[in-house]
Amino acid sequence: PNEFTFATVLTSCSGPQSIHQVKQVHSLVAKTNFESHMFVGSSLLDMYAKAGNIQEARRVFDMLPERDTVSCTAIISGYAQLGLDDEALDLFRQLYSAGMQCNYVTFTTLLTSLSGLASLDYGKQVHGLILRKELPFFVVLQNSLIDMYSKCGKLLYSRRVFDHMPQRSTISWNAMLMGYGRHGIGHEVVQLFRTMTEEVKPDSVTLLAVLSGCSHGGLVDEGLDIFDLIVKEQNAVLSIGHYGCVIDLLGRSGRLQKALDLIQDMPFEPTPAIWGSLLGACRVHVNVSVGEVVAQKLLDMEPGNAGNYVILSNIYAAAGMWKDVFRVRNLMLEKTVTKEPGQSWIILDKVIHTFRSSDRFHPRKKDIDAKIKEIYVDIKAAGFVPNLSCVLHDVDDEQKERMLLGHSEKLAVTFGLMNTPPGLTIRVMKNLRICVDCHNFAKFVSKIYGREISLRDKNRFHLLTDGACTCGDYW
DNA sequence: ATAGGGTTAG
């Protein structure tokens, strides 16, 4: 075998199951001294990264005698594809200052990481680099820009990029549709979808984007009509994700029994995500009877997921059934439940400030504590009532109130309010979905202080202006 | 003539 053979064979060893094959080929590569060949090395490190072994990928990269655009892009992409966005950005900055040459693939990769970080500042800066390079037109690169701006909360810029494209792929349309959906702008989703179908054929991702956009944008009837049409025409492959969107739609409109029926009739086994969406709907519409059925399924399927207990308890609390709230809390104490630790961050002047719940170690803790107390007095005077059912710990109400005030998104919003001038949108990101109490807190802050707040949670953007949110209080 | 990196997703 020569370098051509190895580079070709390695490309076929893709995916997490292939790690064994990659290692076998790697040993042959090492024996025949092709490890430091540029093409073979790039392919090798790429395969390690795609199989999830980023350490080994990095080792191969570090051993390359020279580096070129492709090998640098491959290792950055390795971090990016594993969601290690900080690491991808750091490595890019190192390699770039060391003189790395970038092409459109490098930028496409880098933009993916900036989307993950939701860093508008870095995103704009990289867009600037791209413009200065005066690259020819590449659809993929423009698609990444659309996605980056949408995930950084600047939908207007996404649309500007989209409008200026001389050619568009299905992915361009899909990225734009997803963007509107992520921001809860349902009517733009439907309008753009209609324009799209005049020009290109939608694929299954398009339909996912449209259904999810209708759901998040509150366009219940439009979404159901579109779904009926898709089912009737039968020219698209429907996945469980499509059904998930429609179940979410039915749940949003309060048609919980219809949602249950669809779960029974659909050609897929319901996943925890499907039940979870319905449980969320039961919380919004305070439906105890369906909620109990759904919660039982979920607690059987994933007994260790704390979130399900919290929502069930929220439903009981909203219905005033305090004995049941207590029962769920005890149930939770009996099981070993785990919860991904919540964290929120805000980027000010290109510095990422991260907050964790009841953060005791933040250097500005004293200032933040003082400011949050001041805010609390103001918003309570305006009618804010803390939602104590968001706390499941067995503590008294006063302690619950203190715990709620420690939530990471409140700390980040407060920090933003302290450190940005009036008129500027406060942009906060969170790794989990936002809790009801924090959502309400942000609403009051937007109203009392006249500040727009953009809150990106795990699923979508909440844009809070003058006491109202683009999610319509359903998320 | 033949080889390595890339975009959308309840």
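Below, chains carry the letters A, B, ... as their sequence lines are ordered, and counting in each starts from 1.
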Classify [X] by what it touches in the nucleic acid, base, sugar-phosphate, or nothing, heavy-atom distance under 4.0 Å.
| X | result |
| --- | --- |
| A:K458 | nothing |
| A:S42 | base |
| A:S172 | nothing |
| A:Y104 | base |
| A:M38 | base |

Atom [atom1] of [X] to atom [atom2] of [N]: distance rounded to whole Å?
| X | N | atom1 | atom2 | answer |
| --- | --- | --- | --- | --- |
| A:L10 | B:dG5 | CG | C1' | 14 Å |
| A:R67 | B:dG4 | CZ | C1' | 16 Å |
| A:D68 | B:dG5 | CG | C1' | 9 Å |
| A:L64 | B:dG5 | CG | C1' | 13 Å |
| A:N103 | B:dT7 | CG | P | 13 Å |
| A:L95 | B:dG5 | CG | C1' | 13 Å |
| A:F34 | B:dG4 | CZ | C1' | 15 Å |
| A:N2 | B:dT2 | CG | C1' | 10 Å |

Restricting to pairs with a member in residues 144-171 of chain A, which pass salt bridge (charged side-chain N to carboxylate O under 4.0 Å, His left out), not counting sequence neighbours? A:D147-A:K151, A:R159-A:D163

Would you be so kind as to tabulate the donor-acceptor pairs closer than 3.5 Å made by side chains of residues 37-45 of chain A, with sequence neighbours excluded?
| unit_1 | atom_1 | unit_2 | atom_2 | d |
| --- | --- | --- | --- | --- |
| A:H37 | ND1 | A:F39 | N | 3.2 |
| A:H37 | ND1 | A:V40 | N | 3.4 |
| A:S42 | OG | A:M38 | O | 2.5 |

Angle between ring planes, A:H183 versus A:F461, binned at 30° and 60°: parallel, tilted or perpendicular? parallel

Can you say whether the rings of A:Y104 and A:F138 are parallel (under 30°), tilted (30 to 60°) or perpendicular (over 60°)? parallel

N/O-N/O pairs, protein side and nucleotides 8-10 of chain B side, under 3.5 Å:
| unit_1 | atom_1 | unit_2 | atom_2 | d |
| --- | --- | --- | --- | --- |
| B:dT8 | O2 | A:N174 | ND2 | 2.8 |
| B:dA9 | OP1 | A:R182 | NH2 | 2.8 |
| B:dG10 | N7 | A:A273 | O | 3.4 |

A:F4 stacking on B:dA3: centroids under 5.5 Å, ring planes under 30°? yes

Counting side-chain heavy atoms from CB outward, which of B:dG5, B:dA3, B:dG4 is closest to A:D46? B:dG5

Is the number of heavy atoms from other residues, nucleotides or ligands under 6.0 Å of A:E269 CD greater than 12? no

A:Y149 ring center near A:H127 ring center (under 6.0 Å): yes

Test of ring centre spacing under 6.0 Å for A:F193 and A:W173: no

Does any N or O donor sit under 3.5 Å from an N or O acceptor when you compare the side chain of A:S43 with the base of B:dG4? no

Just N and O in the side chain of A:T8: are any of them under 4.0 Å from OP1 or OP2 of B:dA3? no

